[in-house]
Structure formats: C-alpha cells, structure tokens
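Small disclaimer: the values here were computed from a predicted structure and weren't measured.
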Amino acid sequence: MRDDGPPHPPGEETRRSAHLPSLTTPLCRRLGVEVPVFQAPIGSAVSPELVAGVSRAGGLGMLALTWTPAGEIPRILDRVRELTERPFGANLVLDFPVADRLDACLEGGVPVISTFWGDPAGCTDRIRAAGAFHVHTVGSADEARHAADAGVDAVVAQGWEAGGHVRGLTATLPLVPAVVDAVSPLPVVAAGGIADGRGLAAALALGAQAGWMGTRFLAAAEARTHDIYRRRVVGARTEEAQYTGCFDGGWPNAPHRSLRNSTLASWEAAGSPLSARPGEGDIVARGADDAPYLRYQDAVPLAGMTGDVDAMALYAGQSAGLVRAVLPAAAIVARTVAEAKRAMLLEF
C-alpha cells in the first residue's frame, strides 16, 4: 500500500500543530465539536467504532441508518455512546421510507440528523421539536435555498467529485461559494474532493465551516470495508472514480461515483443498457451470513464477504487519488487538521 508520507510518532501531528491557530468554526462551536472534520455517512461501511473514533478526535462522526431496521437503532446508538461521550450524527436518505428510523434516532437523542436526496421540509419540524440539529445535503444553490426555506440548520454542498451517490452536476470549487452566497448566514459544509488538510483549508477559504469527508474514511481502520475495497481505494488514481448509473439495483435513478471494475467495464462496453445488461442477475458475492449480492446491486464490499467482491459497487470519489494508507480514524482527523493549519499559513 502507498503511504501518506514520512512516518510520524504517535501524537506528533497534534504536537506539531499545537502552536497554530484553532480551526474551530462557529458551526463547530454550535455542535460542540473541536475541529471542522465531519465524517460523511459512507453507507454500510460505517461502524459505531468509526463514528466514535472521529468524534473522540474532535470531529463529527456520522452513522448511516437508512437501511437499518428501526428496532436495531437503539443498540447502535448505545454502542457509540459506550465508546464516546462526544456529539455524533445519523444520516437518513429521504428517497426511502425512513419515518420510523427518524423516530428511533430522535427518541434516542441523536444530536445531529443529516438528510439527503429528497425534500427536507417533511421532517424539519420533527427534528427541531426534538432539539436536534438538521443538516441537509444539496447539489445546487437552488436546492440549498429550498432547504434553507424549509428550515434546516445547515446545508452540505456536495460537489460532483464526491463518491457514492451524487446529487448535482457542479464541482465543489464553484458550488461551495455559490451555496454560501445563496443561504448566508446559514452554515455550509463542503463535500466532494476533500481527503486531506489542503482540501479542508480550501473549503474553509471558500466560506464553508467544515469539510465532509467520505472517501478518506473508507480507508479508516475502523470502517467495515472489505480489505480488497480498501486496497482499491488506497491504490486508485483520481480518474478511476467514474460518474455512472451502473450500480442501481435497489436505488434507481440515482447517479453515483464508483471505481472502475469488471462490472462497470462490461456494462459500458455493451453500451450502458438499462435492461438485459451483461451478467445481470449473477450472484457475485455473499455476505458473512451467506446472503447473496447481485451484480449491479447498490451494495459495497464489507468485511466477511466472499466471492468476486471487486465486481461490486466500489463507491469512491475523485479524492481517492489522494488516499495513500489505511489509518485509524483519530489519525486521519489529526493529520487533516495539522495539514490544514499548515496550508492556511503558507506564504507565496
């Protein structure tokens, strides 16, 4: 595996940047976190250990609970709280029926609710009444204005470079300031293409109050990613992260960005058909519980899966080209913050 650079003794990044100014933003203070590093909800690859690791390090960890049965959510929340007393969040995709899951999160006292891919107006009042903070992901300035009018507390501006499901068509660099201008003084979080402190510094310079990092945390030691998936992310080139509609089984009409693999290559070679696709219906992998996973299914390789897991959806953003090692979540947060501080103090 590639390395992120020269090795550093444990805690050195924190010590080296201790004399530099704090990166704490008004949004950080409002949420009770120390640094503007927010872990994006990377679907089933999220674990309570990952969320707690990010939050313990001063950032904001985020569960992904859209496809988790509501009855299992209290156990997951308890596990996070066993590992940390720090704030964390939970993400729900509004393109699916999530009312019972939202209720479970709010009843469980989740302090931050993240929503995506739908109209936030239907749940903002419930979230506010429960005393939680509502952040909604958008892909355009118009969508950001609608979210602000609906009463959300903050928006995530997701650029086209992002991995997984991608809401809009505008790159992060022009999108973030456009959204900041559209909804100011509402806080904005920047997503898409941020995998290190240089990206975080750029996001803050654009007016965002935090960076939303997903692809980098796919290669966190605490993530549930299969080792093959991790190695693909760590070894990826930027151009391998393809914007596509290939892996739509279970979530149709939702464009996404995934690393190139045999499934994507054969589908494109066939002309990217919407039906009668090459190998459609093939079982390419099985879970630790022997559950089958089909080619084109909206599912990523997780630890314990067997089979041709490299043929599954390998969601990742263009920032995969900047990910060079598997590291603990706390080390990712600390390194990102230290890099951002140094980048913001550079003189040309």
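Linking ILVMFWY side-chain heavy atoms closer than 4.5 Å, directly or via other members, places Phe133 and Leu63 in two distinct hydrophobic clusters. Residues Val80 and Leu31 are members of separate hydrophobic clusters, defined by side-chain heavy-atom contacts under 4.5 angstrom among Ile, Leu, Val, Met, Phe, Trp and Tyr. There is a path of hydrophobic side-chain contacts, each under 4.5 Å, that joins Phe88 to Leu92. Both Val323 and Tyr229 are assigned to one and the same hydrophobic cluster, defined by single-linkage of ILVMFWY side chains at heavy-atom distances under 4.5 Å. Residues Trp212 and Leu200 are members of separate hydrophobic clusters, defined by side-chain heavy-atom contacts under 4.5 angstrom among Ile, Leu, Val, Met, Phe, Trp and Tyr.
Residues that satisfy the side chain to side chain donor-acceptor pair (under 3.5 Å) test with Thr336, not counting sequence neighbours, are absent from this structure. Take Arg126 and apply the side chain to side chain donor-acceptor pair (under 3.5 Å) test, not counting sequence neighbours, and it matches Asp103.
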ask   = Hey, mind stepping through Phe38 and Leu27 against side-chain contact (heavy atoms from CB on, under 4.5 Å) and telling me if it holds?
value = CA-CA 11 Å; Phe38 293 5; Leu27 178 59; 3.9 Å; yes
request  = Could you give me the CA-CA distance, side-chain angles and deciding distance for Val300 and Leu302, then say whether side-chain contact (heavy atoms from CB on, under 4.5 Å) is met?
outcome  = CA-CA 6 Å; Val300 300; Leu302 302 178; 3.8 Å; yes
Intermediate values then yes/no, side-chain contact (heavy atoms from CB on, under 4.5 Å), Trp117 and Val93 = CA-CA 6 Å; Trp117 214 278; Val93 177; 3.9 Å; yes
request  = Go through the steps for Asp78 and Arg81 under the test salt bridge (charged side-chain N to carboxylate O under 4.0 Å, His left out), then give the verdict.
outcome  = CA-CA 5 Å; Asp78 287 345; Arg81 289 189 171 111; 5.2 Å; no
message = Checking Asp149 against Arg145 for the salt bridge (charged side-chain N to carboxylate O under 4.0 Å, His left out) test, could you report, in this order, the C-alpha distance in whole Å, the side-chain angles of both residues, the deciding distance, and whether it holds?
response = CA-CA 6 Å; Asp149 290 343; Arg145 291 186 191 94; over 6 Å; no
task = For the pair Glu34 and Arg86, evaluate side-chain contact (heavy atoms from CB on, under 4.5 Å) and give the outcome as yes or no after the intermediate values.
result = CA-CA 10 Å; Glu34 297 172 2; Arg86 305 301 300 272; 3.5 Å; yes
Evaluation steps, ring pair (Phe, Tyr, Trp, His ring centres under 6.0 Å), between Trp251 and Phe96 = CA-CA 9 Å; Trp251 192 353; Phe96 296 85; 5.3 Å; yes
key: Residue pair His165, Phe116: steps toward the ring pair (Phe, Tyr, Trp, His ring centres under 6.0 Å) verdict   = CA-CA 10 Å; His165 292 85; Phe116 185 40; 7.7 Å; no
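Of the possible donor and acceptor atoms, none in the side chain of His226 sits under 3.5 Å from a partner among the backbone N and O of Val309. Side chain of Asp282 to backbone of Val284: no donor-acceptor contact under 3.5 angstrom is found. Listed for the Arg101 side chain is a donor-acceptor partner under 3.5 Å among the backbone atoms of Thr66.
Contact annotation: the side chain of Thr215 approaches that of Val233 to within less than 4.5 Å [non-hydrogen atoms, C-beta and beyond]. Side-chain contact between Val234 and Val326: present, with at least one pair of heavy atoms (C-beta onward) separated by less than 4.5 Å. Between Trp160 and Thr170 there is no side-chain heavy-atom pair separated by less than 4.5 Å. Looking at heavy atoms from C-beta onward, Ser258 lies in side-chain contact with Leu314 at the 4.5 angstrom threshold. Leu23 is listed as a side-chain neighbour of Lys341, based on a closest heavy-atom distance under 4.5 Å. Side chains of Leu77 and Val110 form a contact here, defined as non-hydrogen atoms less than 4.5 Å apart. Contact of the Val135 side chain with the Val152 side chain is not registered, since no non-hydrogen atoms from C-beta on lie closer than 4.5 Å. Contact check for His136 versus Ser114: no side-chain heavy atoms found under the 4.5 Å cut-off.
For the salt bridge (Lys or Arg N to Asp or Glu O under 4.0 Å) condition, the pairs that include at least one residue of residues 185-213, sequence neighbours left out, are Asp196-Arg198. Within the structure, side chain to side chain donor-acceptor pair (under 3.5 Å) contacts touching residues 299-312 (residues at least two apart or in different chains) are Arg232-Asp310.
A side-chain donor-acceptor contact under 3.5 Å links Tyr315 and Asp298. If you check the side chains of Ser47 and Arg224, you find no donor sitting under 3.5 Å from an acceptor.
Under 4.0 Å is where a charged nitrogen must lie from a carboxylate oxygen, and between Arg56 and Glu85 no such pair does. Between Arg230 and Asp227, no side-chain nitrogen of the basic residue sits less than 4.0 Å from a carboxylate oxygen of the acidic one, so the salt-bridge criterion is not met.
Only one option out of Val333, Leu50, Leu60 pairs with Gln39 in a side-chain contact (heavy atoms from CB on, under 4.5 Å); it is Leu50.
Residues Tyr296 and Gly279 approach most closely at CE1-C, 4.3 Å, considering heavy atoms. Of all the heavy atoms in Val155 and Ala147, the pair that sits closest is CG1-CB, 4.0 Å. Summarising the geometry of Ile283 relative to Pro292, their closest heavy-atom pair is CD1-CB, 3.8 Å, with the distance given to 0.1 Å. In plain terms, the two heavy atoms of Arg167 and Val138 that are nearest each other are CG-C, 4.2 Å. The shortest non-hydrogen separation linking Thr115 to His134 is OG1-NE2, 2.8 Å. For Ala52 against Leu83, the heavy-atom pair with the smallest separation is CB-CB, 3.4 Å.
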Only pairs under 3.5 Å count here: list side-chain donor-acceptor contacts from residues 172-189, not counting sequence neighbours, and write none if there are none.
from   : atom 1 : to     : atom 2 : distance (Å)
Thr172 : OG1    : Glu161 : OE1    : 2.8
Thr172 : OG1    : Ala191 : O      : 3.2
Thr172 : OG1    : Gly192 : O      : 2.8

Side chains of residues 242-250: which donor-acceptor pairs under 3.5 Å do they make with residues two or more places apart or in other chains?
from   : atom 1 : to     : atom 2 : distance (Å)
Gln242 : OE1    : Arg260 : NH1    : 3.3
Thr244 : OG1    : Cys246 : N      : 3.0
Asp248 : OD1    : Arg277 : NH1    : 2.9
Asp248 : OD1    : Arg277 : NH2    : 3.4

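Around CG of Asp289, the count of heavy atoms belonging to other residues, nucleotides or ligands within 6.0 Å exceeds 12.
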